[in-house]
Q: 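Encoded as structure tokens, here's the structure I'll be asking about.
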Amino acid sequence: MYDVIIVGGGPAGLAAAIHSAVFGLRTLVLEAGEKAGGLATRARGIENYPGFQRKISGLRLMEKMVNQAKKSGVKLQTSEEVINLSLDGKDKVVETRRGKYQCKALILATGDGMNGVGMKWETWLGAGVAYCAECGAPFFKGKDIIVVGSVQDAAGESLRLTRIAKNVRLVNHANMIDISVRMRKQLEKRKVGLIEDLAGKEIKGKPASKQLILHHVRGSGTETLKADMVFVVAGVKPFVSVLQNAGIRTHRQGCIVVDKFERTNIEGVFAAGGCASTVRDIVPACVGDGAAVATCARLYLAYGY
């Protein structure tokens, strides 16, 4: 029995673990990968992390966080893929392929729940790239947005985004956008630009000014589109089904719905970082969400809220 179990060993999960251990809570981190750190380990140079005057690589930063967590008393187990959650009772049960673990408070820090479409740098969410329409809506208002996706859902998301965005363009990620004649007419009526026979290759640019590099599906050469944001529409990862089967409320794209105290719809279950936020930058995910969710879990354990 642990006081807190944290699912996910990325920036938010590790920060939450460190804070939980400092609070004196018996803490376990379950990481599905062979190493902790998540996508943050791919960051070449982080310039805005407090306390570091020079750039630090994501890999080095995550190594420091892992070491700090272990020294604080956190138990970290890698290659622990969670396959089931039982959240009905006061004590929560987390099942992995290796065994079952119990806790009084559960923190989900699993990162973004979306599969990509294969573009380079599509994982830099929060830096002008988004996957969740509902949780990212405030950031789309009045913006020029490019939607990338080759499924019917991409066309539907494009229509929804026209209600808040200034301009919306839909880029296929196959030979043709597979949508009905009726849907095409709706997109034309709402002035959504259809860009076909081109597929997304790479995302470049600063957070507020993105460049989408496209390659010709039926030929050679590339083209470049500029926009304020790139919205990627792809299928959700298998773990989202585990969350939904456990009764955890999510948005359409798999992002966990939380309140201002990082609480999910299930008592004693919290979420932080990329799985529950439109902002995936390492600093807010670590310093912000990670610290906040650990504090909220501690208050729940101590006072029941």
Side-chain angles (χ1 to χ4, degrees), residues 10-12 38-40 42-43 108-173 177 187 190 192-193 195 199-214 224-237 239-240 243 249-258 271-285 288-289:
L39 290 175
R42 302 180 187 178
L108 301 167
T110 56
D112 191 85
M114 300 298 294
N115 285 317
V117 293
M119 293 186 295
K120 189 175 182 181
W121 307 122
E122 66 181 8
T123 55
W124 293 115
L125 307 180
V129 182
Y131 278 39
C132 182
E134 295 99 325
C135 46
F139 296 89
F140 303 140
K141 189 174 181 179
K143 298 291 180 63
D144 180 11
I145 301 174
I146 297 175
V147 178
V148 182
S150 58
V151 292
Q152 185 82 9
D153 287 347
E157 292 299 333
S158 297
L159 287 175
R160 280 185 279 271
L161 287 170
T162 59
R163 299 169 187 165
I164 52 177
K166 178 179 68 175
N167 184 50
V168 179
R169 286 169 286 174
L170 173 58
V171 175
N172 66 313
H173 208 66
I177 302 174
L187 292 169
R190 300 284 277 275
V192 175
I195 302 171
K201 180 181 180 181
E202 182 178 357
I203 299 173
K204 293 183 176 181
K206 297 179 181 180
S209 179
K210 309 309 295 181
Q211 297 174 28
L212 179 62
I213 312 299
L214 306 162
T224 301
L225 295 179
K226 294 183 179 181
D228 299 320
M229 297 186 69
V230 176
F231 186 83
V232 182
V233 180
V236 298
K237 294 177 181 177
F239 186 68
V240 173
L243 298 175
R249 187 183 170 203
T250 67
H251 294 299
R252 284 195 312 276
Q253 292 89 359
C255 190
I256 301 171
V257 178
V258 295
C275 66
S277 172
T278 187
V279 179
R280 273 77 172 186
D281 185 79
I282 293 173
V283 174
D289 278 9

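Along the sequence shown, residues carry numbers from 1. No experiment lies behind these values; they were computed from the predicted model shown.
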Q: Could you tell me whether the side chain of Arg169 reaches within less than 4.5 Å of the side chain of Val147, counting heavy atoms only?
A: no
Q: What is the distance from atom NZ of Lys166 to atom NZ of Lys143, rounded to the nearest 0.5 Å?
A: 10.0 Å
Q: What pair of heavy atoms forms the shortest contact from Cys275 to Ala109, and how long is it?
A: SG-CA, 4.1 Å
Q: Looking only at heavy atoms, what is the nearest atom pair of Leu212 and Gly200, with distance?
A: CD1-CA, 4.5 Å
Q: Nearest 0.5 Å, please: how far is NZ in Lys210 from CD1 in Ile203?
A: 7.0 Å
Q: Can you tell me if Arg190 has over 12 outside heavy atoms packed within less than 6.0 Å of its CZ?
A: yes
Q: Distance from Asp228 atom CG to Asp144 atom CG, nearest 0.5 Å?
A: 5.5 Å
Q: Are any side-chain N or O atoms of Thr162 and backbone N or O atoms of Leu159, one a donor and one an acceptor, separated by less than 3.5 Å?
A: yes
Q: Once you round to the nearest 0.5 Å, how far does CG of Leu161 lie from NZ of Lys141?
A: 14.5 Å
Q: Measure the CG-CD1 distance between Leu243 and Ile256 for me, rounded to the nearest 0.5 Å.
A: 4.5 Å
Q: Which atoms form the tightest heavy-atom contact between Ser158 and Leu187, and what is the distance?
A: CB-CD2, 4.2 Å
Q: Which atoms form the tightest heavy-atom contact between Met229 and Phe139, and what is the distance?
A: SD-O, 3.4 Å
Q: Who pairs with Glu202 by side chain to side chain contact (heavy atoms under 4.5 Å, CB included), at least two apart in sequence or on another chain?
A: Lys120, Trp121, Lys204, Ile213
Q: Of the non-hydrogen atoms in Ala155 and Leu170, which two are nearest, and what is the gap between them?
A: CA-CD2, 3.9 Å
Q: Let me confirm one number: the CG-NZ distance from Leu214 to Lys201, rounded to the nearest 0.5 Å.
A: 10.5 Å
